[in-house]
Amino acid sequence: MATRSPVSETEISQLLHTGREIAPPASLASKARMRDFAAEYRRSIEDGDGFWAAAAGELEWVRPWDKVFEWTYPTFRWFCGAQCNITHNCLDRNVRAGRKNKVAYIWAGEDGTERQITYGQLLDLVCRTANGLKSLGVKKGDRVILYVPLTIEGAAAMLACARIGAVHSVVYAGFSVQALRSRIEDARAEVIVTADAGFRRGKVVPLKAIVDGAIDGLEFVRNVVVLRRQQPQVQLTSAREIDFYELVNRQSAECAPEVMDSEDPLYILYTSGTTGKPKGVVHVHGGYMVGTYYHMTRFWDVRDDDVFFCTSDIGWVVGHSYIVYAPLLAGVTTLFREGAIDFPHPAIAWELVERYRASVMFTAPTAVRMFMRFGESLVTKYDLRSLRFFTCAGEPLNPEAYEWAHRVLCGEGKWGFAADNWWQTETGGPCLGTPPVLPARPAKVGKPLPGVIAEVVDRQGNPMPPNKGGLLVLRRPFPHLFRTVYGDPQRYAKDWGLVPNAYTTGDVAICDEDGYFTVVGRADDVLNVAGHRIGTADVESALVSHPAVAEAAVIGRPDPIKGENIKAFVILRVGHAASPQLDVTLKDHVRNTLGAIGVPAEIAIVERLPKTRSGKIMRRLLKAQELGQEVGDISTLEE
Ligand code: AMP
């Protein structure tokens, strides 16, 4: 159980320890491809070139590389001189290998509609869409903005861009007019693919109307391709608008993949980054393909007969890597669903797991906390025994949420294993994690994954001793790390310049004596109470470990004596109500769990927390509201 630990005056203190280890079921570990994790990791560091060349060798290339890796700090290249096209490996390679009639995607809609598409059919759809884009004049290197809901056509449009060497930039369908416009302008996209509508929580999101507003006056936008999903169909009013299927159905289903240099850009994905100003993260064909494929087959360890269920959206990096590209590279069947994870009822995800016998799952901690809020009986009426590996990323996975997932979703390890993994838009795939061959330590993400040298350092770049917090940096580029910030190489260089000889992630972390990392939050959010620097995750996890609390967010407020004091915002679990007694109880609970230093000065009981659409709590917004400040570019985060 949680115990106190001494805190220091300067470093970020880790207050929460659970000391518990949960081993993966023997049935899982014994069959894992990455059986000897330590040996695999060692090989990836001692001979990085040989290691990644071997992974790349499992895929097909038009031309092999002359050199595996070249580093001219801060820029680098992987598979230099090689030529490939990621869609060839996603589609043609699988069709030729006998997967033509295998289901590539199972799509579910909020209204219960379900669709399936095979690898062969997906290849046809992608080729037709690619030819359609070509007919509109889209060429290699052109940027195409995709403002599309989570649909098979959305994934196909991404693949179609990649097929012809165009650079897609997906903007999460639901972002505001202004957020969309700024991305269209930044990418200078002449063609946009959208839909009339997306569906979320039973409501229609009028995407086309948002696009109309966003491109108003932007003369350089030549065409808008509209997937019309509603009846009666929306009218296409201007000459530059084209119906998606009218365009696609008249094309040939033959489209040879454009031959791409390994380092040619595949996509731009805008992330809010640390400052709030959107940052166009650029990933490339070759390295991204190899890295995401490696983790799909080693970390998630997917097999031919798996159904991989990813609850992210193609608007986020997790959706790019682990709905669209990597599962296809690995040749598995992927299940995804448009809409809210708790709509029309909070157990819909478990209904789908049971129906499709989903075996490997990728979701976010916010979803786990939502399920917990409704209690175990919500889940236990479904048969989840197919679920071999349950993974989360995106935010700290509180130990309480980990334990719940282990107990309720994984049957205490009887059939499944729950694991955390850490990454960012910039890293394209996971960097820290608990693969299904290592014991999980609740509150800790896991170890650096093969190819990744992660360290916790002070601002000068000096390594912190074990169990002392500091900045999380990555030392050596791996193939799926981003190459630049679109149109802003200086911003890219800054990420590699904040701490000498390292990529600074913007997160704060702690590494224990065995090399397990805990990510305690964004560096900008760190609390500073009476000289103690405390990560937000510790206090939030302590609150969530009380049976009355479903979710918590904490911020620091200026305090004349302590520097900062802590304010907590708490959502209660179903069946609990706010009261002065509960306030005292929660404060006592935090005191007993973390020590007096972590106790919030104030606890506000709220109905909801402001979150990004990808489920991350916006502490910056909470803090600005609390202090009556301007929030900045919040339109890029949530509305
Ligand atoms: P994004 O680039 O939008 O995917 O967000 C990446 C950020 O999410 C990271 O820098 C972390 O702050 C947070 N994050 C992602 N995964 C984890 C995790 N497993 N534990 C803690 N924080 C995480």
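Ligands are counted one by one from 1 in listed order, and the atoms in each one are counted from 1 as well.
- Lys279 and Glu426 are joined by a salt bridge, as a carboxylate oxygen and a charged side-chain nitrogen come within less than 4.0 angstrom of each other.
- Applying the ring pair (Phe, Tyr, Trp, His ring centres under 6.0 Å) test to Tyr486 and every residue at least two apart in sequence or in another chain returns nothing.
- Residues Trp423 and Ala393 come closest through the heavy atom pair NE1-CB, 3.9 Å.
- Tyr492 and Phe482 have their aromatic ring centers within a separation under 6.0 angstrom.
- Shortest contact from atom 18 (C) of ligand 1 to any protein heavy atom: Glu395 O, 3.3 Å.
- Under a 4.0 Å criterion applied to the non-hydrogen atoms of Trp423, ligand 1 contributes the atoms 6 (C), 9 (C), 15 (C), 16 (N).
- Short contacts between ligand 1 and Asp420, defined as distances under 4.0 Å to a heavy atom of the residue, involve ligand atoms 19 (N).
- For Arg201, the CZ atom is densely surrounded, since the number of other residues' heavy atoms within 6.0 Å is greater than 12.
- Per-residue contacts place Pro396 under 4.0 angstrom from the following atoms of ligand 1 (heavy atoms of the residue considered): 20 (N), 21 (C), 22 (N).
- Among Thr427, Asn421, Leu472, the residue whose heavy atom sits closest to atom 19 (N) of ligand 1 is Asn421.
- In this structure, His320 has its ring center closer than 6.0 angstrom to the ring center of His168.
- Near Val519, meaning under 4.0 Å from any of its heavy atoms, are these atoms of ligand 1: 21 (C), 22 (N).
- With respect to atom 9 (C) of ligand 1, the closest heavy atom belonging to the protein is Asp507 OD2, 3.2 Å.
- The pair Arg441-Glu21 meets the salt-bridge criterion, since a charged nitrogen lies less than 4.0 angstrom from a carboxylate oxygen.
- Taking distance alone, with nitrogen or oxygen atoms compared against 3.5 Å, Thr425 approaches ligand 1 more closely than that limit.
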Could you walk me through whether Val570 and Leu543 pass the side-chain contact (heavy atoms from CB on, under 4.5 Å) test, one step at a time?
-> CA-CA 8 Å; Val570 161; Leu543 284 161; 4.2 Å; yes
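- With distances taken over non-hydrogen atoms, the option nearest atom 8 (O) of ligand 1 out of Glu426, Lys444, Lys279, Lys616 is Lys616.
- At least one heavy atom of Gly394 sits closer than 4.0 Å to an atom of ligand 1.
- Between Val317 and ligand 1, a contact under 3.5 Å exists for no N or O pair.
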